[in-house]
**Q** 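My questions will all concern the structure given below.
Just so it is clear: chains get the letters A, B, ... in the order the sequence lines come, proteins before strands, and each one is counted from 1.
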Amino acid sequence: MTVRTRIAPAPSGYIHVGNARTALYSWLFARQQGGVFVLRVEDTDAKRATQEGFEGALEDLRWLGLSWDEGPGPGGEFGPYRQSERFEGYRAATLSLMESGHAYRCYCTADEVAARRARKGGAQGYDGHCRKLSELERSELQRSGRPSAVRFKVPDGRTISFDDVVRGRVETGTEQIGDFVIQRSDGSPTYLLAAGLDDLLMNITHIIRGEDLIPATPRQILLREAMGATDVPVFAHLPLLVDERGRPLSKRWGDVAVRSYRERGFLSQAMVNYLALLGWSYDDRTNIFSLEELVDRFSLERVGRNPAAFDENKLEWLNLHYIKQTEPGELARELMPICAAAGIDAEVTVLEAVAPLLVERLRRLDEAPPMVRFLFQEVAPDEKALKVLAGQGDYLKAVLEALENLPEWTAQAIEDRLRELASERALKPKQAFQPIRAAVTGTLVSPPLFESLEILGRGRTLQRINSLTAGQVG
RNA sequence: GGCCCGGUAGUCUAGUCUGGCUUAGGACGCCGCCCUCUCAAGGCGGAGAUCACGGGUUCGAAUCCCGUCCGGGCUACCA
């Protein structure tokens, strides 16, 4: 039987890193097993689902490189893949569940159930009120036009167990599960029904999801049984992701969205590599994995059981690694929108020229704008630069002269000439070059000086130095 | 409260099933030195873990058993 896994995001916003990791593991497993990866959108909660959320989620998945074989876009024989388009099926399933005696209408309102729970001293679950209704009471309530939800009839005295690939055997007694709602009084299906039915109908063989869904698993198994399934899928519950303070990441949103990392200049390879390592390891030393290597080496058995804290430091380190491997042309293209966001109207060819200088000093792409700004805009020396420039008028004039007559404008020629000048004046390299850097880039931190000057061009370099010797620095 | 899951350095983890190979290994971060036109990168070195705690089993336990504590999840007509 071919392996089929799925990722089932709720489109209430961009994908956050927890979902991204679940998606990655599901994708890796499917690819490795030569299986099928399904994307299903769980938008049964109309209040939370939005079209932007839907499109944003797909875009984030694509960016990560997690292509789906079935789902919105490619389609597939088990569609539609948006739960909002499958309501008829859920309704029919609910109906047949009622006919077979596995479910019943419940006329209690949420408030009534809560009130009865409170009266019983904070009891949980459903007390079975409507399960015990007589035929007469039932038809009267039905005739009264009172809205009704549908609850699943949880059998008594059974133990539901399953073997979780990452956690081992998990058992739950049915006395701990109250009759749960499968269809809301407005006719929409709940997660339990929708996800359970879809997993069944879409032949999902391996359900990989967060450990917050462990308690939902016995209910899903019961539901499958009632719907006539004879097999149980393999379950793998991933440990939760927490932030640096140990708080669950799922409680936070925007700032932990994949999209926001992307906007801050993280490469998708770094994100994928990092996510893979968050909760899984190959051995005791390997850190760098391409997607292909992950497909080859990933295994659910080696997923850890303890919650993992998202550490941006390590993500940045991986990012640096992948930035170093990025071709100049590609890096330049990646940098264009980031420069634009920083108010720099950059030229891609110029960025391509500086890319080799940038590549070893960027942990995030958004660190680039301050380093390249001087190439595209006139710059006024910042406070620290002014300090270095103080009293350098005479020296800068000498620099100007030296550079004016250079036969060729290359980094090598510039360096040779400036070093010559420095030794003539008995200046240490740092003393000699920092003022020039300050004059040309307006700052004390920039890409390597000589290469930077070459890219800036002779005209602009001389003009910037000249404008400073003209007065301000004395 | 009940049920469930987890607990190796600041962080991710290896080792736990099949006790000795571990003076607990690697990586990020941190500190120092080297390199150096700045910032990085790179090289070398270092600090950092009573393996949550307490008992027990054993010649020997991070690894097996029991108890405790701490953290988290679920307990919805959210997913």
**Q** Taking 4.0 angstrom as the limit, do A/Asp199 and A/Arg40 come out as a salt bridge?
**A** yes

**Q** Using purine N1 to pyrimidine N3 plus N6-O4 or O6-N4 for Watson-Crick, or N1-O2 and O6-N3 for G-U wobble, each under 3.5 Å, what pairs with B/C77?
**A** none

**Q** Please determine, for B/C53, whether a Watson-Crick or G-U wobble partner exists with both distances under 3.5 Å, and give it or none.
**A** B/G67

**Q** May I have the distance from A/Leu357 (atom CG) to B/C37 (atom P), rounded to whole angstrom?
**A** 16 Å

**Q** Suppose we call a contact any N or O donor and acceptor under 3.5 Å apart; does that hold for the side chain of A/Thr172 and the base of B/C3?
**A** no

**Q** Nearest to the A/Trp317 side chain among B/C77, B/G29, B/U13, which nucleotide is it?
**A** B/G29

**Q** For A/Lys428, answer base if it contacts any base atom (sugar-phosphate contacts may also be present), sugar-phosphate if it contacts only those atoms, and nothing otherwise; contact means non-hydrogen atoms under 4.0 Å.
**A** nothing

**Q** Can you check the A/Phe235 CZ to B/C5 P distance for me, whole Å?
**A** 16 Å

**Q** Taking atom types as modelled, is there a side-chain donor on A/Tyr81 or A/Asp198 under 3.5 Å from an acceptor on the other?
**A** no

**Q** Of all the choices, B/G7, B/A41, B/C12, which nucleotide is nearest to the side chain of A/Asn306 once you look at every atom?
**A** B/G7

**Q** Between A/Tyr107 and A/Arg146, is there a cation-pi geometry (under 6.0 Å to ring centre, at most 45° from the normal)?
**A** no

**Q** In whole angstrom, give me the gap between the C1' atoms of B/A27 and B/A14.
**A** 11 Å

**Q** For A/Thr190, answer base if it contacts any base atom (sugar-phosphate contacts may also be present), sugar-phosphate if it contacts only those atoms, and nothing otherwise; contact means non-hydrogen atoms under 4.0 Å.
**A** sugar-phosphate

**Q** Heavy-atom nearest nucleotide on RNA chain B for A/Glu415 versus A/Ala308: which residue maps closer to 5'?
**A** A/Ala308

**Q** Do you know which of A/Arg219, A/Arg105, A/Arg131 makes salt bridge (Lys or Arg N to Asp or Glu O under 4.0 Å) with A/Asp179?
**A** A/Arg131

**Q** Does A/Arg209 reach a base, just sugar-phosphate, or nothing at all? Heavy atoms under 4.0 Å.
**A** nothing

**Q** Students often get this wrong, so: under 4.0 angstrom with heavy atoms, is A/Ala309 touching a base, only sugar-phosphate, or nothing?
**A** sugar-phosphate

**Q** Considering only atom C1', compute the distance from B/A62 to B/C53 and round it to an integer number of Å.
**A** 14 Å

**Q** Find the distance A/Phe180:CZ to B/C74:P and express it as a whole number of Å.
**A** 17 Å

**Q** How many Å lie between NE2 on A/His321 and P on B/A27, as a whole number?
**A** 15 Å

**Q** Reckon A/Leu277 touches a base, only the sugar-phosphate, or nothing at all at heavy-atom distances under 4.0 Å?
**A** sugar-phosphate

**Q** Just the rounded figure in Å: distance from P of B/A76 to CG of A/Asp127.
**A** 12 Å

**Q** Rounded to whole Å, how long is the line connecting atom CZ of A/Arg364 with atom P of B/C28?
**A** 18 Å

**Q** Taking the P atom of each, how far is B/C3 from B/G15, in whole Å?
**A** 32 Å

**Q** Tell me whether the side-chain N/O atoms of A/Arg363 come closer than 4.0 Å to OP1 or OP2 in B/G29.
**A** yes

**Q** With a 4.0 Å limit, can you tell me whether A/Arg419 has a side-chain N or O closer than that to the phosphate oxygens OP1/OP2 of B/C37?
**A** yes

**Q** Taking the minimum atom-to-atom distance to the side chain of A/Asn313, which one of B/G29, B/G6, B/C77 wins?
**A** B/G29

**Q** Provide the Watson-Crick or G-U wobble partner of B/U11, both distances under 3.5 Å; none if there is no partner.
**A** B/A27

**Q** Looking at B/C5, I'd like to know if its phosphate oxygens (OP1 or OP2) sit under 4.0 Å from a side-chain N or O belonging to A/Arg305.
**A** no

**Q** Across all strands shown, which nucleotide pairs with B/A62 by Watson-Crick or G-U wobble geometry, both distances under 3.5 Å?
**A** none

**Q** Would you mind checking if A/Asp394 and A/Arg425 are paired as a salt bridge, meaning a charged N to carboxylate O distance below 4.0 Å?
**A** yes

**Q** Nearest to the side chain of A/Pro215, heavy atoms from C-beta on, is which of B/C74, B/C37, B/A14?
**A** B/C74

**Q** For A/Gly304, answer base if it contacts any base atom (sugar-phosphate contacts may also be present), sugar-phosphate if it contacts only those atoms, and nothing otherwise; contact means non-hydrogen atoms under 4.0 Å.
**A** nothing

**Q** Is the closest basic N to carboxylate O distance between A/Asp366 and A/Arg364 below 4.0 Å?
**A** yes

**Q** Which is true for A/Leu240 with a 4.0 Å heavy-atom rule: it touches a base, it touches only sugar-phosphate, or it touches nothing?
**A** sugar-phosphate

**Q** If the P atom of B/A52 is compared with that of B/G6, how far apart are they to the nearest Å?
**A** 14 Å

**Q** P atom, B/C64 versus B/U8: distance in rounded Å?
**A** 15 Å

**Q** Roughly how far apart, to the nearest Å, are B/A49 and B/C30 at atom C1'?
**A** 16 Å

**Q** OP1 or OP2 of B/U13 sitting under 4.0 Å from any side-chain N/O of A/Lys314?
**A** no

**Q** How would you label the contact of A/Gly279 with the nucleic acid (heavy atoms, under 4.0 Å): base, sugar-phosphate, or nothing?
**A** sugar-phosphate

**Q** Mind checking the C1' distance from B/C51 to B/U22? Whole angstroms is fine.
**A** 11 Å

**Q** Return the nearest nucleotide to the side chain of A/Val445; candidates are B/A27, B/A79, B/C39.
**A** B/C39

**Q** Whole Å only: how far is the CG atom of A/Asp212 from the P atom of B/G6?
**A** 15 Å

**Q** Write down the partner of B/C33 under the Watson-Crick or G-U wobble criteria, each distance required to be under 3.5 Å.
**A** B/G43

**Q** May I ask you to check whether A/Phe310 and A/Tyr274 place their ring centres under 6.0 Å from each other?
**A** yes

**Q** Just checking A/Phe450: base, sugar-phosphate only, or nothing, at a heavy-atom cut-off of under 4.0 Å?
**A** base

**Q** Is the distance from the ring center of A/Trp280 to that of A/Phe298 below 6.0 Å?
**A** yes

**Q** Classify A/Ser281 by what it touches in the nucleic acid, base, sugar-phosphate, or nothing, heavy-atom distance under 4.0 Å.
**A** sugar-phosphate

**Q** Choose from B/A41, B/U38, B/G6 the nucleotide whose nearest atom is closest to any side-chain atom of A/Glu360.
**A** B/A41

**Q** Check every strand shown and say whether A/Cys106 touches a base, only sugar-phosphate, or nothing at a heavy-atom separation below 4.0 Å.
**A** nothing

**Q** So A/Pro447, base contact, sugar-phosphate only, or nothing? Heavy-atom distance under 4.0 Å.
**A** base

**Q** Using the C1' atoms only, state how far B/C31 lies from B/G67, rounded to an integer number of Å.
**A** 41 Å

**Q** If you apply the rule ring pair (Phe, Tyr, Trp, His ring centres under 6.0 Å), what do you find for A/Phe152 with A/Tyr104, and how did you get there?
**A** CA-CA 7 Å; A/Phe152 183 79; A/Tyr104 58 90; 9.3 Å; no

**Q** Any donor-acceptor pair under 3.5 Å joining the side chain of A/Arg167 to the base of B/C5?
**A** no

**Q** Contact class for A/Leu213 (heavy atom, under 4.0 Å): base, sugar-phosphate, or nothing?
**A** base

**Q** Does A/Tyr126 have A/Arg151 sitting over its ring (NZ/CZ under 6.0 Å from centre, angle to axis within 45°)?
**A** yes

**Q** Report the distance from atom CG of A/Leu449 to atom C1' of B/A40, rounded to the nearest whole Å.
**A** 15 Å

**Q** Just N and O in the side chain of A/Arg285: are any of them under 4.0 Å from OP1 or OP2 of B/A14?
**A** no

